[in-house]
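Protein chains get the first letters and strands the later ones, always in sequence-line order, with residue 1 at the start of each.
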Number of protein chains: 2
Amino acid sequence: MSSIRSTLKDVAREAGVHISTASRALNPSTAFIVHPVTVERVAEAARKLGYRPHPLARGLRTNRTMSVGVIIPDVENPLFGPIIAGVESVLVEDGYSVLIGNADRGPNHADSLVEDMLERHVDGLILATPGRVVSDTARQAQRDVSMVLVNRSVDDDSIPAIVGDDHAGIGLAVRHLRELGHERIGHVAGPEWVSTGRGRRDAFLAWMSTVGLEADIDLVEEAEWYQVEPGTTAALALLSRHPDLTAIVAANDLLGLGCYRAVRSLGKVIGVDVSITGYNDMPLLDLMQPSLTAVRVPYRRMGVDAATTLLALIAGEDVSPGRVLLSPTLAIRSSTGPPADRG
Amino acid sequence: MSSIRSTLKDVAREAGVHISTASRALNPSTAFIVHPVTVERVAEAARKLGYRPHPLARGLRTNRTMSVGVIIPDVENPLFGPIIAGVESVLVEDGYSVLIGNADRGPNHADSLVEDMLERHVDGLILATPGRVVSDTARQAQRDVSMVLVNRSVDDDSIPAIVGDDHAGIGLAVRHLRELGHERIGHVAGPEWVSTGRGRRDAFLAWMSTVGLEADIDLVEEAEWYQVEPGTTAALALLSRHPDLTAIVAANDLLGLGCYRAVRSLGKVIGVDVSITGYNDMPLLDLMQPSLTAVRVPYRRMGVDAATTLLALIAGEDVSPGRVLLSPTLAIRSSTGPPADRG
DNA sequence: TCCGATACTACAAACGATTGCGGCGGAACC
DNA sequence: GGTTCCGCCGCAATCGTTTGTAGTATCGGA
């Protein structure tokens, strides 16, 4: 029966008050202006009619849409599921809805999505697009709308960012290997133009010297992209330069799995001749043969924190820009072990 | 400089026409009413001012929000990434945005999300929530808004649904095994209350007799849930009842991987002693040891088709209810092979 | 009795667009 | 030359809210 929405006018008529009084009565922040018994009468009428404010009308007047945009580089990447879930869980709590944008059509796609979102008057924006620099459109957008970066940051830290602590994460991997007794450790890095690519590489070199090993840039081989194939290629290049490596820290799980192939093609045994660590700990890694030791990044938490700081920004609280680092953990599995004795 | 949005009024003033004329000039479907040179003048003014219609104002008047809701049972499940991507890709093309709802908080959560979406006046709804029956809220919702089901259907086919052709998919697996020479084939089924669980089980039995094998319900073991552990449990139960099975068709990839463990724990070799097929072909299966032969469902396509029929529904074209079946393919890998010779 | 303060409530103008309808020209026709 | 018609444009109502301002009681105090 209630297929036709009841409007504020209906509620007002039902309660025998003027529409504006009804509006104030229903709004908690203005309810004190109207007489308590009137408030109750209006509330009763609203309940009876099943009144729901029209979000468009309200948004038009108040200039808020109660929606935020989330721009993801690739929805099909399992990595982003938890982030989205985290974001969604806290925003829904506060009555916001989540507009999702999938920027899988090249580098400029994200920008056009940002513009779409702005046109829709989202109250906030969460960007997970890669890259260390931020486009002009995005920077422009920051003036018009609250904005938070997730799983990435910008070089000048001008936008609040929630990121995994890559330095700590790589540290977990390197120290783990060091404690197992490894001394010749290499790194298969991600592309340098991606913030995580460069960051993890730097962290690797830094930790190498921290644990008392040689921090040679020559121990690093950059993969063209975060995928299995480039991982194999890079690992092969690395292992041909340094045949004596006993361990490889990969900048990403897929790169790590790429290393599997490289190591196998050389007739060596993973976890015995060459230990391998991944990064991100995506699903199913534990079912690999051997299961991949990997740095686990709290992605869901990342989404939660991003949404929380976005809400703070929207509320006008001043959030310090700069990045918030989330601590990773290490899932130790069977792709890592003590180095094999050289006979 | 254009931080402040220009409105239709500005455009009208700039072009020296009335606001209503400007409106008509800018709207392709009404532009023929106004003089061509005026149209051009208005268009020029709009371009100059960077005018963008205010979606809320427009939506308030036209009763359309140009947004559709997509409700997913679990965003973290990699399965739904491609569906979302497919949906998004076609909707964005037509100027719609996608509101995402993650129904991971129990069975009633989906309903409350549907209500949220309705309150927001979405123009359409795409449901991917599981279950063979549809809740009353959803059924109610169908009156108020266009609605399409994806990756699921309802028993009475009262709502248009885009689903994978499970019968054909199971057929691919069974026939593949049969052609390899298997004669004792079992099935690890999904939960019966899920539409895919029951459907694939029925398909399995049907195909068994089609290929000339015994279609015994005793060859089926139902797993409690689509996960690895329940898969192992079910497979163990099945193999203890029928130690002579040479192949298992799993209702799901994770169940298939669960079978791996069961087979291994019995000291048998996968793909030799016991062949296994999965269903869905989720990422990384090709990197498993052995790589899992699996029925591949065109999930992205599913999203695309769902969105397309939703657009048709919204446009008022009458779409025949009932289900559209998408044909799966078979990714043959190394978990299947000819049955080992006995004795 | 009258005044001013207090406590509500009503009026009406926004927000930015769409759209039915009426008006006003000029051309065509009788 | 008057009527009709048509092409083009402006007027104003409308969608459902929020909110500044004006109005009306009621009450206390002088």
Would you say T38(A) reaches dT9(C)'s phosphate, i.e. side-chain N/O to OP1/OP2 under 4.0 Å?
yes
In whole angstrom, what separates I33(A)'s CD1 from dT19(D)'s P?
10 Å
Tell me whether K9(A) is salt-bridged to E14(A), with the criterion being a basic N under 4.0 Å from an acidic carboxylate O.
no
Quick tally for nucleotides 14-20 of chain C: nucleotides whose base has a protein heavy atom under 4.0 Å get B, sugar-phosphate-only ones S, the rest -, giving BBBBBBB
Tell me whether E88(B) is salt-bridged to R105(A), with the criterion being a basic N under 4.0 Å from an acidic carboxylate O.
no
Any chance CZ of R323(A) has more than 12 other-residue heavy atoms, nucleotides or ligands included, within less than 6.0 Å?
yes
H35(A) NE2 - dA10(C) P separation (whole Å)
13 Å
For R5(A) and H121(B), which I'm curious about, is there any donor-acceptor pair between the side chains at under 3.5 Å?
yes
Measure CZ/R13(B) against C1'/dG10(D) and give the value in whole Å, please.
16 Å
Looking at R139(A) and D136(A), does any basic side-chain N land under 4.0 Å from a carboxylate oxygen?
no
Salt bridge or not between D116(B) and R120(B)? Use side-chain N to carboxylate O under 4.0 Å.
no
